[in-house]
A.B. asks: 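One structure coming up, written as structure tokens, with questions to follow.
Owing to the predicted nature of the structure, the values given are computational and were not obtained by experimental measurement.
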Amino acid sequence: MNPSNKENVAFSRRFFLKASSAFTVLTLIPHSVKAFYTEIKETYFVKKVIVPLSITINKKKYDLNIDSRTTLLDLLRENLNLTGTKKGCDHGQCGACTVHINGKRTLSCLSLATMMTGKEVTTIEGLAEGDNLHPMQEAFLEHDGFQCGYCTPGQIMSAVACVNEGHTNSVEEIKEYMSGNICRCGAYNGITNAIKSVAK
Ligand code: FES
Ligand code: FES
């Protein structure tokens, strides 16, 4: 074999090895990437399914078709424009999204809307009777139970429940049963005083 033939053979081998490696990369990486994303999607995301929902909110009945993954909080805010209920953490840690379900306080960010079928939901918009504020709303005004107001709807819904549950025998008890509602403005004294005044 003359030198030029050797070079040609080497070139051919090098070329073949490079070409086959590139081909392998091109065929395997897209496949593995696709498989990776498919696995993530199937593991962490449930497919969109539209389901019927019959629900009563603030004494008004709604018959809806919703994405089964919708939380009660998003249903209220995004679908029904009831934006009085606030989204703070969206993880069950701040209490801003508190509503009443069949009279009991519940974090709407942790509740799937589909689980509310046949239930009665009350939000901050449903507390007042026409132009007459709920006594707890009046008390928050009177005792300066808020500053920026972002946590206030959740605080008031929890405060109403706290009184109804009978957990108002002392300031310590009120603080303990209101501890799920965080106020970054630190309006805790006003909130406690408002609850004390309504409990009387
Ligand atoms: Fe629900 Fe914070 S938004 S607990
Ligand atoms: Fe501002 Fe409570 S009043 S977070």
Side-chain angles (χ1 to χ4, degrees), residues 53-62 64 70-90 92-113 115-200:
L53 171 67
S54 196
I55 188 171
T56 303
I57 301 171
N58 299 334
K59 300 186 179 139
K60 184 174 170 191
K61 191 158 185 290
Y62 295 85
L64 308 163
T70 310
T71 63
L72 178 58
L73 177 58
D74 283 341
L75 178 79
L76 294 170
R77 292 183 57 82
E78 310 298 333
N79 297 37
L80 303 177
N81 206 27
L82 291 167
T83 53
T85 305
K86 301 301 183 212
K87 184 181 277 191
C89 63
D90 207 19
Q93 293 172 352
C94 72
C97 65
T98 306
V99 298
H100 293 177
I101 296 171
N102 290 350
K104 292 204 159 51
R105 51 176 147 171
T106 305
L107 298 176
S108 58
C109 71
L110 294 186
S111 309
L112 276 177
M115 294 171 70
M116 300 301 127
T117 292
K119 294 187 178 165
E120 299 222 1
V121 178
T122 307
T123 69
I124 191 72
E125 290 93 341
L127 274 193
E129 299 276 352
D131 288 340
N132 298 321
L133 292 180
H134 187 281
M136 191 62 78
Q137 291 172 307
E138 294 278 14
F140 266 64
L141 284 170
E142 191 182 329
H143 293 276
D144 289 330
F146 56 89
Q147 288 180 37
C148 78
Y150 196 79
C151 73
T152 311
Q155 298 279 4
I156 290 176
M157 297 310 286
S158 270
V160 170
C162 188
V163 171
N164 291 343
E165 292 159 8
H167 295 306
T168 54
N169 296 308
S170 64
V171 168
E172 289 70 32
E173 191 180 17
I174 291 173
K175 283 184 177 169
E176 184 177 343
Y177 280 87
M178 288 297 293
S179 61
N181 289 79
I182 309 298
C183 175
R184 67 186 167 186
C185 298
Y188 295 111
N189 284 344
I191 292 168
T192 306
N193 289 338
I195 297 172
K196 259 180 10 190
S197 74
V198 175
K200 274 187 197 158

A.B. asks: Once rounded to the nearest 0.5 Å, what's the spacing between atom CG of Leu76 and atom CE of Met116?
C.D. replies: 10.0 Å
A.B. asks: Would you please test Thr56 and Val121 for side-chain contact (heavy atoms from CB on, under 4.5 Å) and show each step?
C.D. replies: CA-CA 6 Å; Thr56 303; Val121 178; over 6 Å; no
A.B. asks: Do Thr192 and Lys175 get their side chains close enough for a donor-acceptor pair, meaning under 3.5 Å?
C.D. replies: no
A.B. asks: Quick check for you: to the nearest 0.5 Å, what is the distance between Ile174 atom CD1 and Tyr188 atom OH?
C.D. replies: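 Spacing of CD1 (Ile174) from OH (Tyr188) equals 15.0 Å.
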A.B. asks: Measure across Ala194 and Met136 and return the closest heavy-atom pair with its distance rounded to 0.1 Å.
C.D. replies: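 Shortest heavy-atom separation between Ala194 and Met136 comes out as O-SD, 4.3 Å.
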A.B. asks: Within the 3.5 Å criterion, strictly below it, is a donor on Asn79 or Thr70 matched to an acceptor on the partner's side chain?
C.D. replies: no
A.B. asks: How far does CG of Leu133 sit from CD of Glu138, to the nearest 0.5 angstrom?
C.D. replies: 4.5 Å
A.B. asks: Would you mind checking if Lys104 and Glu165 are paired as a salt bridge, meaning a charged N to carboxylate O distance below 4.0 Å?
C.D. replies: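 No, this pair does not count.
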A.B. asks: Side chain to side chain donor-acceptor pair (under 3.5 Å) with Asn193: which residues, sequence neighbours excluded?
C.D. replies: none
A.B. asks: Is it the case that more than 12 heavy atoms not belonging to Asn189 sit under 6.0 Å from its CG atom?
C.D. replies: no
A.B. asks: Nearest 0.5 Å, please: how far is CG in Leu112 from CG in Leu75?
C.D. replies: 11.0 Å
A.B. asks: Let me confirm one number: the CG-CG distance from Asn58 to Leu127, rounded to the nearest 0.5 Å.
C.D. replies: 8.0 Å
A.B. asks: To the nearest 0.5 Å, what is the distance between SG (Cys162) and CD1 (Ile191)?
C.D. replies: 11.5 Å
